[in-house]
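Naming: A, B, ... by sequence-line order, numbering from 1 per chain.
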Protein chains: 2
Amino acid sequence: MEAPYKRIIDNVSRFIDLTELEKQKYISLLTEIKVKRKAYLMQAGDITKYEYFITKGCLKVYTLDENGAPHISMFAVEDYWTGDMASFITKQPSRYFIKATEDSELLGISRANYDLLFQEIPKFERFYRILYQRSLISYIKRTNHGISLTAEERFIEFKKKYPKIVNRITQKDLAAYIGITPEFMSKIISRVNQM
Amino acid sequence: MEAPYKRIIDNVSRFIDLTELEKQKYISLLTEIKVKRKAYLMQAGDITKYEYFITKGCLKVYTLDENGAPHISMFAVEDYWTGDMASFITKQPSRYFIKATEDSELLGISRANYDLLFQEIPKFERFYRILYQRSLISYIKRTNHGISLTAEERFIEFKKKYPKIVNRITQKDLAAYIGITPEFMSKIISRVNQM
DNA sequence: GAAAAAAAATGAACTAGTTTAAGACTTTTA
DNA sequence: TAAAAGTCTTAAACTAGTTCATTTTTTTTC
């Protein structure tokens, strides 16, 4: 099996066991996607066509607020699932942009194939039940944890939790993730570095 | 069927169809719980025993930060699901308190029965897949929406979205939900009222 | 229904983070 | 490899929200 498919099968196999036949079936429902650095996987206004699994690279998922300021909700790297679930499920236009910060490779599942998947291999209800449950847990933990911290503390936590990602992204993007201006991010970094 | 059971069956029936037998089986796995105003359903340090469905009343779900300040993550009223999923799933001590703000009635499912449910009626994988998916969507929407708003704007949004809940809770609890001090909440309310 | 407890209001002094602006440094592109 | 574009730094003036302290109002409890 090709490396990217092995990667996604390993990911799914964390929660459910698949027969060889089921693996083949699942793989047949996926689409290979490549996206160059600085290219958009999707833009606000689009109706999301796919849910994505990253096999290589790094992308940022963000919205623009009324003032045009970006808010990054996640950096998606190898083995992450991403997309805009709200738009994917409701078929309404998204408010998100997904932009590659490095040349990236992904596997996508279309909405039609996602629905088909549950019919063909009902076990996937369980896979997604557990995946969403875990996403919910870590999402709640993340937002709740950040709530009473200062920007400096949130930055220190991010560095501790994602040491590899810090070095792959710009300070500006980091600011948009932490939720502060690039200027203040710069101030924090020089403050933290001289400790 | 008794009213509270009808309520939960209606809720489940939004996403899956159950036979009479399955309904009976499901109901047999639930526990009826009553909790008086100001009593705790659970406290930080507890390992969560149940996931809850509210059939009557109102509860607040909150944590205390390092400074002892409360942060309310939700007000749970009739037809809401609540609990601490992280603790329920991982069997680790919770960092949440759930306290009734009115005399309340709930249906709980224990961890053992939750696991059993998936064996006995696999359709529930689908129910929870969809429930968690929707929770994730609305959770992401909520946090992302609030991100660039001032406290005053968040308060106005809350009033618009939950007009009934506003009148059931104290200003202090509202402040702990919006994410500001009670003093500033008071200031905002008098400002908004004289507009 | 009086006393105690909790919630709400008000105001002054304070702080974390923003805004604006300008210069220095890096990366991208032709 | 030079020019253009984008990123980072620094600093001064500003603002949304906090803290602390006191008084008034409402709710709870016996």
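Straight-line distance from the NZ atom of K172(A) to the P atom of dA5(D): 15 Å, rounded to whole Å. With rounding to whole Å, K187(B) atom NZ is found 11 Å from dG17(D) atom P. Straight-line distance from the CE atom of M185(B) to the P atom of dG17(D): 11 Å, rounded to whole Å. Protein atom CG of N193(A) is 11 Å distant from nucleotide atom P of dT10(D), rounded to whole Å. If you measure from atom CG of N67(B) to atom P of dT19(D), you get 7 Å, rounded to the nearest angstrom.
The residues K56(B) and E78(B) are annotated as not salt-bridged, no charged nitrogen and carboxylate oxygen being separated by less than 4.0 angstrom.
Looking only at atom types and distance, the side chain of Y5(B) has a donor-acceptor partner in the side chain of E32(B) under 3.5 Å away. Side-chain contact annotation: E183(B) with S186(B), donor-acceptor N/O pair under 3.5 Å absent.
Between Y139(B) and Y139(A), the distance from one ring center to the other falls under 6.0 angstrom.
At a threshold of 4.0 angstrom between heavy atoms, the contacts of T181(B) include nucleobase atoms, whether or not backbone atoms are also involved. Counting any heavy atom pair closer than 4.0 Å across all strands shown, S186(B) reaches a base atom.
Closest to the S190(A) side chain, of the nucleotides dC20(D), dT10(D), dT18(D), is dT10(D).
No more than 12 heavy-atom neighbours from other residues, nucleotides or ligands sit within 6.0 angstrom of CZ on R95(A).
The nucleotide range of DNA chain C contacted by chain A, defined by atoms under 4.0 angstrom from heavy atoms of the protein and reported 5' to 3', is dG17(C) to dT28(C).
Between K38(B) and F184(B), the residue whose closest nucleotide on DNA chain D is further toward the 5' end is F184(B).
For the ring pair (Phe, Tyr, Trp, His ring centres under 6.0 Å) test, residues two or more places apart in sequence or in another chain that qualify with Y128(A) are Y114(A), F118(A), Y132(A).
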